[in-house]
Number of protein chains: 2
Amino acid sequence: MTALGDPTRRAIFERLADGPSSVGALATDMPVSRPAVSQHLKVLKAAGLVLDRQAGNRRIYSLDPDGVGALRAYFERFWAHALGAFKQAAERRDEEVS
Amino acid sequence: MTALGDPTRRAIFERLADGPSSVGALATDMPVSRPAVSQHLKVLKAAGLVLDRQAGNRRIYSLDPDGVGALRAYFERFWAHALGAFKQAAERRDEEVS
DNA sequence: GCTTACCGTAAGTTATGACTTACCGAGAGC
DNA sequence: GCTCTCGGTAAGTCATAACTTACGGTAAGC
C-alpha cells in the first residue's frame, strides 16, 4: 500500500494492469529514466505487487495476482467496515433530529 | 491515493473508518503529536477523503462518503481491468504450451 | 569473438514531507 | 471576565526517497 503512494510507481503499476511489459518499454512511456523505473519495479516486487520473469535478453514484469488479491481483500474489508460506520453515523444523526 | 501512502495517515484514515473522532482523541491513540495529526487531517481533507464539522469547542472528523466512494470506484475499475489482463496472459500462456 | 541492446546496481544530489516545539485564536465552564 | 481546553498554523529540523549519471554483467546478432 505504501508502495502505491508514489505517483510514478502507481503509473507503472497501472501500466502493468494493461498487461506484462519489459523494463525498456515501460521506461519509454514514462517521463523518468530507465534506472528509475527499475528501482520502482524493485519496490513493487518487494511489496509483492509485481512479478518478473526472464525472457531471453529482457525481463518481463507483470502484476502479481496474489499481491493484487491481497490488496483487494484489504479494501473489501475496509468498505464493509466503513459502510457500517456510515450507517451508525446516519442513525445517530437521525436520533439527534428526532 | 497519494494521500494514503503515508502509514501514519493511513492509520488515521483506518481509525476514522471505525467512526467519527475528535483531533485530540485521535492524537492520544497515535504515536505522534497532535499537530502532526492535524496536518495529516488537512492532507486527507484536501484529498476529499475526510470531512470535518465543528462541535462546540472541538472539531469532529469523519470519512467522506464521496471520497471513499471515488476510491472504491477507482479500484473497481482497476480490478476489472487487471482481471482482463490476467485472463489474456493465461490464454497466451496456454497458446505457448499448446 | 566482438559489438550491441537490455537491465540491474552504486554513488551522489536534491527535494519533499513528516515531525517537533512554540504560538495564537476560539469556545466552555466556573 | 478569567481560565482552561481544544485545535489550527508557523517555523525549523531532519530523514527519506526519488531521480540522475556512471558502471558492470549478460544474452543476442552478425
Side-chain angles (χ1 to χ4, degrees), chain A residues 1-64 67 71 89 92-93 96, chain B residues 1-64 67 71 89 92-93 96:
Chain A
M1 262 262 50
T2 311
L4 292 178
D6 181 66
T8 302
R9 203 151 48 219
R10 197 163 54 249
I12 294 175
F13 188 66
E14 294 174 0
R15 173 72 163 69
L16 287 178
D18 292 335
S21 174
S22 69
V23 177
L26 285 171
T28 54
D29 294 351
M30 300 279 167
V32 296
S33 69
R34 187 193 48 75
V37 173
S38 212
Q39 291 165 11
H40 281 306
L41 287 169
K42 189 178 183 180
V43 174
L44 288 172
K45 186 180 175 185
L49 292 171
V50 144
L51 287 175
D52 62 330
R53 101 185 99 96
Q54 199 89 17
N57 203 8
R58 312 192 295 192
R59 188 169 282 258
I60 306 298
Y61 280 86
S62 55
L63 293 190
D64 184 345
L71 194 66
R92 198 161 308 173
R93 198 77 53 85
E96 286 176 11
Chain B
M1 264 264 48
T2 309
L4 293 180
D6 181 65
T8 303
R9 203 151 50 220
R10 197 164 53 249
I12 294 175
F13 188 66
E14 294 174 0
R15 173 72 164 67
L16 287 178
D18 292 334
S21 173
S22 69
V23 177
L26 285 171
T28 55
D29 294 351
M30 300 281 166
V32 296
S33 69
R34 187 193 48 75
V37 173
S38 212
Q39 290 166 10
H40 282 306
L41 286 169
K42 188 177 183 179
V43 174
L44 288 172
K45 185 180 174 184
L49 292 171
V50 144
L51 288 174
D52 63 329
R53 101 186 97 97
Q54 199 90 17
N57 203 8
R58 313 193 295 192
R59 188 169 282 257
I60 307 296
Y61 280 87
S62 56
L63 294 190
D64 184 347
L71 194 65
R92 199 161 308 173
R93 199 78 52 85
E96 286 177 10

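Computation of the quantities below employed the complete heavy-atom set of this structure, encompassing side-chain atoms and omitting hydrogens, waters and symmetry-equivalent molecules. The sequence lines fix the lettering, A, B, ..., with proteins before strands; numbering per chain opens at 1.
- Interatomic distance, CG of Leu49(B) versus CG of Leu16(B), reported as 10.5 Å (0.5 Å rounding).
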Which atoms of nucleotides 11-18 of chain D (N or O only) lie under 3.5 Å from a protein N or O atom, and what are those distances?
residue: dA18(D); atom: OP2; partner: Arg9(A); partner atom: NH1; Å: 2.6

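- Bending across the helix from dG1(C)-dC30(D) to dC30(C)-dG1(D), expressed as the angle between its end axes from five pairs apiece, amounts to 30° (10° rounding).
- Lys42(A) pairs by the side-chain hydrogen bond (donor to acceptor under 3.5 Å, both in side chains) definition with nothing, not counting sequence neighbours.
- A donor-acceptor contact under 3.5 angstrom links the side-chain atoms of Arg34(B) to the base of dG7(D).
- Judged as a side-chain hydrogen bond (donor to acceptor under 3.5 Å, both in side chains), and not counting sequence neighbours, the contacts of Thr2(A) are Arg10(B).
- The side-chain hydrogen bond (donor to acceptor under 3.5 Å, both in side chains) search around Asn57(A) returns none, not counting sequence neighbours.
- Between the CD1 atom of Ile12(B) and the P atom of dG7(D) there is a distance of 13 Å, rounded to whole Å.
- Sorted by first and then second residue, the side chain to side chain donor-acceptor pair (under 3.5 Å) pairs involving residues 28-37 of chain B (not counting sequence neighbours) are Arg15(B)-Asp29(B).
- Distance, Leu41(A) CG to dC19(D) C1': 15 Å, rounded to whole Å.
- Here OG1 of Thr8(B) is found 11.5 Å from CD of Gln39(B). Values are rounded to the nearest 0.5 Å.
- Residue pairs meeting the ring pair (Phe, Tyr, Trp, His ring centres under 6.0 Å) criterion with at least one partner in residues 22-45 of chain A, sequence neighbours excluded, do not occur; the list is empty.
- For residues 4-25 of chain A, the pairs satisfying ring pair (Phe, Tyr, Trp, His ring centres under 6.0 Å) are Phe13(A)-Phe78(B), with sequence neighbours left out.
- The side-chain hydrogen bond (donor to acceptor under 3.5 Å, both in side chains) test applied to Asp52(A) returns Lys45(A), Arg59(A), not counting sequence neighbours.
- Taking the 5' to 3' direction, DNA chain C first and last meets chain B under 4.0 angstrom from a heavy atom at dA18(C) to dA28(C).
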- prompt: In the 5'-to-3' direction, what one-character label does each nucleotide of nucleotides 24-30 of chain D receive under the scheme B = base within less than 4.0 Å of a protein heavy atom, S = sugar-phosphate only, - = no such atom?
  reply: --BBS--

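- Atom OH in Tyr61(B) sits roughly 12 Å away from atom C1' in dC6(D) (whole-Å rounding).
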